[in-house]
Protein chains: 2
Amino acid sequence: MPSPSVEDYIKAIYKAHADNGSVATQELAERLHVSAPAVSKMMRKLSVLKLISHAPYQGVELTRAGEKLALEIIRHHRLIELYLVQAMGFSWDSVHEEAERLEHHISEEFEDKIDELLGHPTACPHGDPIPTRAGTIAPITDRPLALERSPARLMVKRVSDEDAELLRHFQALGVTPGTAIELVTQEPFEGPLVLKVGGKRVRLTPQAAKKVFVDAITTSEEDK
Amino acid sequence: MPSPSVEDYIKAIYKAHADNGSVATQELAERLHVSAPAVSKMMRKLSVLKLISHAPYQGVELTRAGEKLALEIIRHHRLIELYLVQAMGFSWDSVHEEAERLEHHISEEFEDKIDELLGHPTACPHGDPIPTRAGTIAPITDRPLALERSPARLMVKRVSDEDAELLRHFQALGVTPGTAIELVTQEPFEGPLVLKVGGKRVRLTPQAAKKVFVDAITTSEEDK
DNA sequence: CAGCACGCTTGACTTCGGTTAACTTAGCTC
DNA sequence: GAGCTAAGTTAACCGAAGTCAAGCGTGCTG
């Protein structure tokens, strides 16, 4: 059974890969709040464990075993987040940290139980897909709202879960997963985006809009 | 914030004290499945942390700070156990291990939330009292069933939670906290105790009867 | 294409929690 | 009260995961 530390590294590699495509030593160091040498050393260890493939000075890549482990931890994380929100009444801005700790310490039975109690959900409170037990995950099709350039009707799919402050802001604006919004315009000189959310006009800085992920509205969602 | 390891030692000291009155190095080593030297070293550390007072070769005693820490961990443990059973539908013989891990990793907010969701309970599924947040605990008044010598009507208060097999046995017999039982007799030569539980006669080995804790029946419980 | 800067890795050391082996100490037995 | 035994402690060491300082490698820049 891998240590929490190993799990954190594997998860960070998975996320860096998903976010950037690349996985640099330094980036992992920043994500994990450790020094670069700590990362280098751990990479060797993970190589030996066959969780990554790693040619020194080149990048790092998860093996299938590493990916499965990453997805299992992420599954734990997202199921826990959703359970905390839906079953226990926590607010969506307060569950990330708790899940971050608990994800390393729950049993398979616990995982299965909350999955069952939640009715086999497919997304966490922030809209991220929940991996299956088998180690697969729905592909991401959404794009950052910040990249949308022309007015359009859009569906909020996900928001970044790591900044509680920002999550409260999104909630106050009504920008939450499953909400249909309309991008009206962007104010000049990299100014805020102007949106229509539930009939109200709201403004969102480009910074914040990077953390909101949207998709074109599908016909089945038209009734919103 | 103390490490899980420190918490485990403090909890073991508390329990050894409660069970035996004394706290020997060797006993802690057995309870924690570590070597005696590991205990010795940790005792020095806990002394420095002012969680215990420890004169070498003499026993060890929790300070008030140590006791508070022990009670906080035990509170976590018992609240988690109860939540797993009552809110999530786990069986009472399967929750000890899960609680053993999770007790070290939940936040104060989580602790408060389950306390609230459970309606500020006073006992875990095995009948052990739940310490308060302030670090107090209801005194134990029950005695091991194995020590009862004469026929009597008794109330099951607690059962030991550490052996899942035994818990299933107790459940099958109907010997659970809150159940009134009647001690009929003990068969000769340290034979099993004969009980009446819910109208049925059942037999319990002295070994098992050591793990059941009973009290005289109070008038308010007469209606059972 | 030489040189250099930056990023990555190696090396030497720390802390934490554990081990085994060797040695004290307390308390019991004669 | 001397001596032994069992329990407790100290010493030397290990592995995990981290640190800082120093040394490589890659690839961009002039």
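These figures come from a predicted structure and were not determined experimentally. What's counted below: heavy atoms across the whole structure, side chains too, no hydrogens, waters or symmetry copies. Naming convention: chains lettered A, B, ... in sequence-line order (proteins, then strands); numbering from 1 in each chain.
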For a quick check, tell me whether the side chain of B/K41 and the base of C/dG18 share a donor-acceptor pair closer than 3.5 Å. yes
To the nearest angstrom, how far is B/I52 atom CD1 from D/dG8 atom P? 13 Å
Taking D/dG23, D/dG18, C/dT25 as options, the one with an atom nearest any side-chain atom of B/Y57 is C/dT25
note: A/H104, atom NE2; D/dA16, atom P; distance rounded to Å ~ 18 Å
If I take atom CG in residue A/L49 and atom P in nucleotide D/dG15, what distance separates them, rounded to the nearest angstrom? 15 Å
Phosphate-side-chain proximity, A/Y9 and D/dG18, N/O vs OP1/OP2 below 4.0 Å: yes
Distance from B/H76 atom NE2 to B/L102 atom CG, nearest 0.5 Å? 11.5 Å
Determine: side-chain N/O of A/S5 to OP1/OP2 of D/dG18, distance under 4.0 Å, yes or no. yes
Starting from P on C/dG18, measure out to CZ on B/R44 and report it in whole angstrom. 15 Å
Phosphate-side-chain proximity, B/S3 and C/dG17, N/O vs OP1/OP2 below 4.0 Å: yes
Whether B/H54 contacts D/dT9 is assessed here as follows: a side-chain N or O lying under 4.0 Å from the phosphate OP1 or OP2. Is that the case? yes
Output yes when at least one side-chain N/O atom of B/S35 is less than 4.0 Å from OP1 or OP2 of C/dG18, else no. no
Over how many whole Å does the gap from B/M43 atom CE to D/dA7 atom P extend? 17 Å
Donor-acceptor pair, side chain of B/H126 and main chain of B/W92, under 3.5 angstrom: yes
Does A/T25 have a side-chain nitrogen or oxygen under 4.0 Å from the phosphate oxygens OP1 or OP2 of C/dT9? yes
Give a yes-or-no answer on whether the side chains of B/D93 and B/S91 include a donor-acceptor pair shorter than 3.5 Å. yes
Using whole Å, what does the distance between atom P of nucleotide D/dG8 and atom CD of B/E30 come to? 10 Å
Checking D/dG8, C/dC8, C/dT10 against the side chain of A/P37 (C-beta onward), the nearest is C/dT10
Under 4.0 Å between any heavy atoms, over every strand shown, what does A/P56 touch: base, sugar-phosphate, or nothing? Just pick one. sugar-phosphate
From A/S107 OG over to B/E98 CD, what is the distance, rounded to the nearest 0.5 angstrom? 3.0 Å
For A/M42 and D/dA17, give me the distance from atom CE to atom P, rounded to whole Å. 5 Å
Does B/K45 have a side-chain nitrogen or oxygen under 4.0 Å from the phosphate oxygens OP1 or OP2 of C/dC16? no
Report the distance from atom CD of A/Q58 to atom P of D/dG27, rounded to the nearest whole Å. 7 Å
Spacing of A/L84 atom CG and B/F110 atom CZ [to the nearest 0.5 Å]: 6.0 Å
Return no unless some side-chain N or O of B/H33 is found under 4.0 Å from OP1 or OP2 of C/dG18. no
